[in-house]
Amino acid sequence: MNDSPTAFLYDIHGNLVALEAVLADAEAAGVTSYLLGGDYSSMGPWPRETAELLEGLPARVPESVQEFLATGLTAAREALGPELVDRFYALPEQAELDGILVCHGSPLSDIESFAPEAQVGEERLLVGESDRTILFGHSHQQFRRPGPNGTLLVNPGSVGAPLDGDTRAAWALYQDGDIAFRRTAYDVERAAAKMRSHGEWAEPIVYRIEHGRDAGSESP
């Protein structure tokens, strides 16, 4: 195992200023590699610039997921059109790091995810996985809790659009088998202003960036 820490970054969603702040924080913590868990640039203020910055990071992930990253970033630079969606659906959805199962939503699905509190029937999301850590994102809520079948469920949260009532970028630091949650302050108003410049359709995302939750929802 690499003795230097690895940063777990999920759900960046094109928020370049949040990513830049997290990378500075991670570098100060001695991070030398990064695990990128999906939703890199879509539905955010700076999709292309975010993709280009991520492309240069040293990713500590299996070859299959490095291909996933490279293909996704190429598609993002090609304007995040329908081709991007098709290519993402065709790419690997899971990987493994030091015995940790890495996925985006859950072992079952890229879009069905675990809630911060245990839910009836959530065992089906594990599709038989047991007795290990499951690292996932998608819900944009940073939490850790015991899951079914002896699992530990860990969500590092969202770098670019947290939904847990805290607007700071959320991520995690991994070293010597330990996953430590981190929050990093960044220029939220700059990100919101850039998102607002994309037009009226972007207002729900602007609200999400500015409030750390969706309009009409209660903070956790």
Side-chain angles (χ1 to χ4, degrees), residues 6-15 19 34-44 47 50-51 54-55 57 59-97 99-130 132-145 147-149 151-164 169-172 174 179 204-205 208 214:
T6 295
F8 292 165
L9 310 183
Y10 270 72
D11 296 294
I12 300 162
H13 285 288
N15 193 334
L19 176 60
Y34 297 83
L35 187 148
L36 307 177
D39 279 352
Y40 308 121
S41 54
S42 62
M43 306 297 287
T50 300
L54 287 173
E55 192 171 31
L57 295 181
R60 187 183 174 211
V61 292
E63 183 177 348
S64 64
V65 180
Q66 292 207 22
E67 179 183 356
F68 172 43
L69 172 61
T71 305
L73 294 179
T74 298
R77 287 196 301 271
E78 292 173 356
L80 297 172
E83 180 183 354
L84 173 66
V85 176
D86 292 340
R87 291 171 74 169
F88 267 111
Y89 271 112
L91 292 170
E93 295 182 355
Q94 297 183 14
E96 188 169 309
L97 176 68
I100 299 171
L101 178 66
V102 179
C103 54
H104 183 67
S106 67
L108 174 68
S109 166
D110 198 39
I111 58 174
E112 288 189 83
S113 194
F114 300 96
E117 302 295 334
Q119 304 292 307
V120 174
E122 67 179 2
E123 183 176 349
R124 72 181 183 84
L125 299 177
L126 291 173
V127 290
E129 292 291 341
S130 63
R132 65 164 162 170
T133 297
I134 310 295
L135 183 74
F136 64 98
H138 189 64
S139 69
H140 297 208
Q141 297 184 52
Q142 188 180 69
F143 67 91
R144 165 191 356 235
R145 66 172 173 84
N149 300 347
T151 57
L152 177 65
L153 305 178
V154 180
N155 188 329
S158 170
V159 171
L163 289 177
D164 55 9
W171 57 290
Y174 174 68
I179 301 174
I205 302 172
R208 174 178 286 193
D214 286 329

Test side-chain contact (heavy atoms from CB on, under 4.5 Å) applied to [X] - qualifying residues, sequence neighbours left out:
X	result
Val127	Pro107, Leu108
Pro116	Gln141, Phe143
Ala161	His140, Ser158, Arg208
Ala118	Glu122, Arg145

side-chain hydrogen bond (donor to acceptor under 3.5 Å, both in side chains) against Ser139, all qualifying residues, sequence neighbours excluded: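 In terms of side-chain hydrogen bond (donor to acceptor under 3.5 Å, both in side chains), with neighbours along the sequence ignored, Ser139 is linked to Asn155.
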Going through the distances and angles, do Phe114 and Leu126 end up as a side-chain contact (heavy atoms from CB on, under 4.5 Å)? CA-CA 10 Å; Phe114 300 96; Leu126 291 173; 3.7 Å; yes
Listed by chain and number, what are the salt bridge (Lys or Arg N to Asp or Glu O under 4.0 Å) partners of Arg124, not counting sequence neighbours?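 Salt bridge (Lys or Arg N to Asp or Glu O under 4.0 Å) list for Arg124, sorted by chain: Glu112.
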Glu123: salt bridge (Lys or Arg N to Asp or Glu O under 4.0 Å) partners, not counting sequence neighbours: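 Per chain and number, Glu123 pairs via salt bridge (Lys or Arg N to Asp or Glu O under 4.0 Å) with no residue.
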Main-chain N/O of [Y] paired with [X] side-chain donor or acceptor, under 3.5 Å:
X	Y	answer
Asn149	Ser130	no
Thr151	Pro148	yes
Gln142	Pro156	yes
Tyr10	Ala172	no

Using the side-chain contact (heavy atoms from CB on, under 4.5 Å) rule, take Leu163 and Asp214 through it: C-alpha gap first, then chi angles, then the decisive distance, then the call. CA-CA 7 Å; Leu163 289 177; Asp214 286 329; 3.7 Å; yes
Side chain to side chain donor-acceptor pair (under 3.5 Å): pairs with one or both residues in residues 99-110, sequence neighbours excluded: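 Every side chain to side chain donor-acceptor pair (under 3.5 Å) pair that includes a residue of residues 99-110, provided the two are not neighbours, is Asp39-His104, His104-His138.
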How many angstroms lie between CG in Leu101 and CZ in Phe136, if you round to the nearest 0.5 Å?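 Interatomic distance, Leu101 CG to Phe136 CZ, rounded to 0.5 Å: 11.0 Å.
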Please round to the nearest 0.5 Å and tell me the distance separating atom CG of Leu54 and atom CD1 of Ile12.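 Those atoms lie 4.5 Å apart.
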Could I get the full list of ring pair (Phe, Tyr, Trp, His ring centres under 6.0 Å) partners for Phe8, not counting sequence neighbours?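 In terms of ring pair (Phe, Tyr, Trp, His ring centres under 6.0 Å), with neighbours along the sequence ignored, Phe8 is linked to Tyr174.
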On a heavy-atom basis, which atom in Arg132 and which in Ile100 lie closest, and how many Å separate them?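 Nearest pair, atom of Arg132 first, then Ile100: NH1-C, 4.1 Å.
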Quick check: closest heavy atoms across Ser113 and Gly137, and the distance to 0.1 Å?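 The answer is OG-O, 3.1 Å.
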Let's go through Leu35 and Leu135 carefully: what are the C-alpha distance in whole Å and the side-chain angles of both, what is the deciding distance for side-chain contact (heavy atoms from CB on, under 4.5 Å) to 0.1 Å, and is it a yes or a no? CA-CA 11 Å; Leu35 187 148; Leu135 183 74; 4.1 Å; yes
